[in-house]
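Take a look at the structure set out below.
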Amino acid sequence: MRLKLLLILYAISISLKLIGYLKTNYLILLAESFHNLTDVMIVLNLLYALRVASKPADYSHPLGHGLAVNIGSLIAGVAFITIISYELVKEGVSRIFYEVEYGEGAYLYMLASMLPIVLAFFVMEKRGVAERTAKMELRNDILSGFSATVGVLAAERFAIIDSIFTIFIAAIIGYSGYMLVRENSRILMGASPDEEFYDKVREIAESFEEVHSVHDVIATYMGENKIHVDMHVVVDGDMTVREADRLTEKIAKKMMENLPELGYVTIHVCAEEKDRLKSTYEKIMGEI
């Protein structure tokens, strides 16, 4: 199932929740609709990521446009924390102290809104990363939706439960926003992969008998699951330029084949050992 169809099903589910909220005044329904809205933002971001991934690098963006996805996620994360989550908590707390009139049948709207989500979960294919991510979010939505249904049923007897469940859902939305901000800020600030990735890079390069050693390996994220590696390899000083050029091509090809997250690799050839400059990761961790 395509992600665009998933957006339609989400829109139906959100609409049913909003109608239920307007008819019954149960804040849980509004909170769950906003919860689904966060998932819509994730799906939109996935669609944009797929579009950006297919866009080639250009003069202004020689390493591609992958970071645009992280910028969008960062903005969405801030919005979830500062606007949606905050407003839901504020309204939920206020209802604890003020009596509110509720309508009947809120649980029916909640159950009806679950049907598109359940349908999407069972027909969603898992062909790629985007589809697998969407399916995982759908599973979380089903669990959250049924919990909210129980909350609505309980709130029909104890009104305060409406506020409690709303605040709980707002906390989930806020946490999701926080995770988006934290992860995307890390990448936008030029994060480097862990030591395991560096070990794989060195292992691949040193598997060629012409390579004496590897140094000055620096890797940074240039987008979601895309890494740019800049590295130096030491070879025999008598190697010709043509031989060195062919060697770097073979190293780069093998690295691309064995490291799917590798987007670009720049290899510098050195004819002698030099003072080794540690990578950013190694400087911070104090390793080697």
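Computed from heavy atoms alone, side chains included, the values below leave out hydrogens, waters and symmetry copies.
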Worksheet item: When hydrophobic residues are tied together by side-chain contacts of less than 4.5 Å, even through go-betweens, does Phe158 share a cluster with Tyr102?
Response: yes
Fill in: Residue pair Asp230 / His268, side-chain heavy-atom distance below 4.5 Å
yes
Worksheet item: Regarding Lys17 and the six-membered ring of Phe34, is the cationic atom NZ or CZ under 6.0 Å from the ring centre and inside 45° of its axis?
Response: no
Practice prompt. Evaluate the criterion side-chain contact (heavy atoms from CB on, under 4.5 Å) for residue pair Thr149 and Leu111; output intermediate values, then yes/no.
Written response: CA-CA 7 Å; Thr149 303; Leu111 287 174; 3.8 Å; yes
Fill in: Reported CG-to-CD distance for the pair Leu247 and Glu209, which is rounded to 0.5 angstrom
10.0 Å
Worksheet item: Within a reach of under 6.0 Å around CZ of Phe208, are more than 12 heavy atoms found that belong to other residues, nucleotides or ligands?
Response: yes
Discussion item. Can you tell me how far apart CG (Leu6) and CD1 (Ile117) are? Round to the nearest 0.5 Å.
Written reply: 7.5 Å
Worksheet item: Could you walk me through whether Leu259 and Phe197 pass the side-chain contact (heavy atoms from CB on, under 4.5 Å) check?
Response: CA-CA 9 Å; Leu259 298 171; Phe197 178 84; 4.0 Å; yes
Worksheet, complete the sentence: The side chain to side chain contact (heavy atoms under 4.5 Å, CB included) partner of Met231 among Met255, Arg202, His215 is Met255
Discussion item. When you group the ILVMFWY residues by side-chain heavy-atom contacts below 4.5 Å and let the links chain together, are Leu27 and Val150 in the same group?
Written reply: no
Practice prompt. Assess whether atom NZ of Lys254 is packed by more than 12 heavy atoms of other residues, nucleotides or ligands within 6.0 Å.
Written response: yes
Worksheet item: If you count the non-hydrogen atoms of other residues, nucleotides and ligands that lie under 6.0 Å from CZ in Phe168, is the total more than 12?
Response: no
Worksheet item: Out of curiosity, His228 NE2 to Thr220 OG1, how far, rounded to the nearest 0.5 Å?
Response: 6.5 Å
Item to complete: Could you walk me through whether Val93 and Val89 pass side-chain contact (heavy atoms from CB on, under 4.5 Å), step by step?
Response: CA-CA 6 Å; Val93 171; Val89 170; 4.2 Å; yes
Discussion item. To the nearest 0.5 Å, what is the distance between CD1 on Ile169 and CD1 on Ile164?
Written reply: 12.0 Å
Worksheet item: Does Lys23 come within less than 4.0 Å of Glu104, counting only side-chain N to carboxylate O?
Response: no
Discussion item. I need the Met110 CE to Ser13 OG distance, nearest 0.5 Å.
Written reply: 6.5 Å
